[in-house]
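This report concerns only the one structure given below.
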Amino acid sequence: MTLKQLTLPSAAVLLAWYDRHHRDLPWRVSPSMAARGILPDPYHIWLSEVMLQQTTVAAVKAYFAKFVSRWPTVGDLAAAPVDDVMAAWAGLGYYARARNLKKCADAVASEHGGRFPDTEEGLRALPGIGDYTSAAVAAIAFDRQAAVMDGNVERVISRLYAISTPLPAAKPLMKQKVVALTPPVRPGDFAQAMMDLGATICTPKRPACALCPFNGSCEALQLHDPEHFPVKAAKKTKPVRQGAAFVAVNDAGKILLRRRIDSGLLGGMTEVPTTAWTARIDGDMTVDAAPFAANWQACGTVVHVFTHFELRLSIFRASVGARSKSNDGWWEPVTNLDAQALPTVMKKAIAQAIPRAFD
DNA sequence: CACGCGTGGGT
DNA sequence: TACCCAAGCGT
């Protein structure tokens, strides 16, 4: 059988699709505005791009609104205490992003006069800004001809050219293809169009090829197998770890909290006292590792799945006197937990011990 | 280059 | 249900 002749993919075709089908997002300006030279606020683009790293648009929207309302400029963010930023980021995950966000704001304020660098290279030198984010901010906020490659673009490109080399080995080739396709005009719209296409049409499962502006150019569609791309290495099985968490409430209605060290898992975030999280040993955890002696009561287990392991936390609760001391940490009113930098796993642990803690 | 690093939504 | 995975970065 003969295959239908494919046309070369064209940036102009994608931009025309984007003019009609772009998503309206809080950090964007519309393509018609951008066409008149109205560029978005670099602070908004940078903030949204960092939040969107490995995170869905739906999860980011509320956090973006909260951050912009509370810290309207990068200078405001630089002036904020880092613990306030961590608390505002709590629940969004990948907390190194929040620490680097603050470091980046500090650098922009103190070393760049409060303005973001307007080139890919200048942006790339800042904390938390890598290959993707530097290209995205340069293209979207500064109209630079930078080629953006994220997970969406990888999927679109891998299908357009039926690239069968598995990721991440295929990235250099994919980058070549994106560079060749990125136009000198409207590079920011082109980048956003590629990502919108990947998010709404060229989806991982059941792509809507009939609606795709590239459906006359797509080698994977011609092979009748777009879902096969991109090819990825097999995943490893997720190990299980086990630990115990201790929720102490004193007579004044305060709970004992601690701050985790800045590095590693949940770095710089707030926690209730816990044991180390070790490779699973069958059987229940005991109270031997409690922060102090008390009438600890077992109150169930919390299961929480991280990226690289599953955690099974045995939860213990104790009521103690108001004058109880602890070697480290502080006593926080249960009514003020919403203002703390508590990651989701810790909120689940506290809610297990105090079911109405977050009402 | 491989790994550590969160969470919630979609299927 | 049990996956999959989403606008990646740092080491």
Side-chain angles (χ1 to χ4, degrees), chain A residues 22-23 25-28 40 44-64 86 89-101 103-104 123-141 146-156 166-172 178 188 190-200 202-207 227 230 232-239 241 260-269 271 277 303-311 341-348:
Chain A
H22 63 91
R23 290 177 292 175
L25 299 173
W27 44 87
R28 283 185 173 175
H44 290 182
I45 297 303
W46 162 73
L47 178 61
S48 66
E49 290 298 347
V50 173
M51 288 182 167
L52 287 161
Q53 290 165 5
Q54 297 291 285
T55 307
T56 58
V57 166
V60 162
K61 280 183 175 174
Y63 284 86
F64 177 81
M86 301 304 290
W89 196 276
L92 200 54
Y94 284 148
Y95 298 101
R97 292 185 295 172
R99 296 194 299 275
N100 287 330
L101 188 85
K103 287 180 191 169
C104 184
L123 290 158
R124 182 67 175 80
L126 291 166
I129 298 186
D131 289 339
Y132 164 75
T133 304
S134 57
V137 175
I140 298 168
V148 165
M149 195 171 69
D150 73 326
N152 288 304
V153 177
E154 286 172 3
R155 189 167 54 255
V156 172
L167 285 170
K171 281 191 178 185
V178 184
F190 178 81
Q192 294 175 97
M194 288 287 280
M195 293 188 282
D196 277 17
L197 189 71
T200 64
C202 195
T203 48
K205 303 296 179 189
R206 301 186 49 161
E227 278 190 27
K232 296 182 178 181
K235 292 179 175 57
K236 301 178 177 178
T237 60
K238 194 162 291 192
R241 297 185 199 175
R260 293 174 66 90
I261 61 173
D262 279 327
S263 60
L265 185 70
L266 309 177
M269 300 297 283
E271 66 174 3
W277 300 343
V303 177
H304 188 80
V305 181
F306 292 99
T307 304
H308 53 299
F309 67 94
E310 175 184 316
L311 176 65
L342 289 165
T344 297
V345 62
M346 291 300 157
K347 289 189 174 180
K348 285 161 74 172

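Chain identifiers are assigned alphabetically (A, B, ...) following the order of the sequence lines, protein sequences preceding nucleic acid strands; residue numbering begins at 1 within each chain. Heavy atoms only: backbone and side chains are in, while hydrogens, waters and symmetry mates are out.
- Using a 3.5 Å distance cut-off with no hydrogens or angles, the side chains of A/Glu49 and A/Tyr132 do pair a donor with an acceptor.
- One interatomic measurement links the two molecules: CE of A/Met269 to P of B/dG4, which rounds to 21 Å at whole-angstrom precision.
- Among the heavy atoms of the strands lying under 4.0 Å from A/Gly91 are primed sugar atoms or P, OP1, OP2 only; no base atom is included.
- Between B/dG4 and A/His308, no contact under 4.0 Å exists linking OP1 or OP2 to a side-chain N or O.
- Atom NZ of A/Lys238 and atom C1' of C/dC5 are 10 Å apart (whole Å).
- Within 4.0 Å (heavy atoms only), A/Lys171 reaches no atom of the nucleic acid at all.
- Residue side chain A/Thr307 does not reach the base of B/dG4 through any donor-acceptor N/O pair under 3.5 Å, judged by distance alone.
- Rounded to whole Å, the distance from CG on A/Leu265 to P on C/dG10 is 18 Å.
- Taking the side chain of A/Tyr95 as heavy atoms from C-beta on, and the options B/dG6, B/dA2, B/dG8, the nearest nucleotide is B/dG6.
- Remark on DNA chain B: of its neighbouring residues A/Arg97 and A/Lys236, the 5'-side contact belongs to A/Lys236, judged by nearest-heavy-atom nucleotide.
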May I have the step-by-step check of ring pair (Phe, Tyr, Trp, His ring centres under 6.0 Å) for A/Phe306 and A/His304, ending in yes or no? CA-CA 6 Å; A/Phe306 292 99; A/His304 188 80; 4.8 Å; yes
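- Heavy atoms of A/Val305 sit under 4.0 angstrom from at least one base atom.
- Across the P atoms, B/dG8 and C/dC9 are found 22 Å apart, a figure rounded to whole Å.
- Base contact: A/Leu25 has a heavy atom under 4.0 Å from a base atom.
- In this structure, A/Trp89 reaches neither bases nor backbone, as no heavy-atom distance under 4.0 Å exists between it and the strands shown.
- Nearest-nucleotide assignment on DNA chain C puts the 5′-proximal partner with A/Lys205, out of A/Val57 and A/Lys205.
- Between A/Gln54 atom CD and C/dA6 atom P the separation is 8 Å, expressed in whole Å.
- Counting non-hydrogen atoms under 4.0 angstrom, A/Thr344 reaches the backbone sugars and phosphates but no base.
- Counting atom types as modelled, A/Thr55 pairs a side-chain N or O with a base atom of B/dG6 as donor and acceptor under 3.5 Å.
- Between A/Tyr132 atom OH and C/dA6 atom C1' there is a gap of 11 Å when expressed in whole angstrom units.
- The residue A/Ser48 sits apart from the nucleic acid: no heavy atom pair falls under 4.0 Å.
- Checking B/dC1 for Watson-Crick or G-U wobble geometry (two distances, each under 3.5 Å) identifies no partner in any strand.
- Between A/Arg260 and A/Glu271 there is a salt bridge, since at least one side-chain N of the basic residue sits less than 4.0 Å from a carboxylate O of the acidic one.
- At whole-Å resolution of the value, CG in A/Leu167 and C1' in C/dG8 are 13 Å apart.
- Distance A/Glu154 CD to C/dC5 P: 12 Å, rounded to the nearest Å.
- Taking atom CZ of A/Arg124 as the reference point, atom C1' of C/dC9 lies 8 Å away to the nearest angstrom.
- One finds a salt bridge joining A/Asp196 and A/Arg28 here, because a Lys/Arg side-chain nitrogen approaches an Asp/Glu carboxylate oxygen to under 4.0 Å.
- Summarising the geometry, atom CZ belonging to A/Arg97 is positioned 9.0 Å from atom OH belonging to A/Tyr95; distances are rounded to the nearest 0.5 Å.
- Of the listed nucleotides (C/dC9, C/dA6, B/dG6), C/dC9 has the atom at the smallest distance from the side chain of A/Thr133.
- Side chain of A/Lys348 to main chain of A/Val303: a donor-acceptor pair is present (N/O by atom type, distance under 3.5 Å, no hydrogens or angles).
- The side chain of A/Phe306 sits closest to B/dT7 out of B/dT7, B/dA2, C/dA6.
- Regarding contacts with the backbone of B/dT7, a side-chain N or O of A/His304 is found under 4.0 angstrom from either OP1 or OP2.
- When heavy atoms are screened at a 4.0 angstrom cut-off, A/Arg99 is found touching no nucleic acid atom at all.
- Listed for the A/Thr203 side chain is no donor-acceptor partner under 3.5 Å among the backbone atoms of A/Ala199.
- Contacts of A/Lys235 with the nucleic acid, taken as non-hydrogen atoms under 4.0 Å apart, involve only primed sugar atoms and P, OP1 or OP2.
- As judged by a 4.0 angstrom heavy-atom cut-off over every strand, A/Leu92 is placed among the base-contacting residues.
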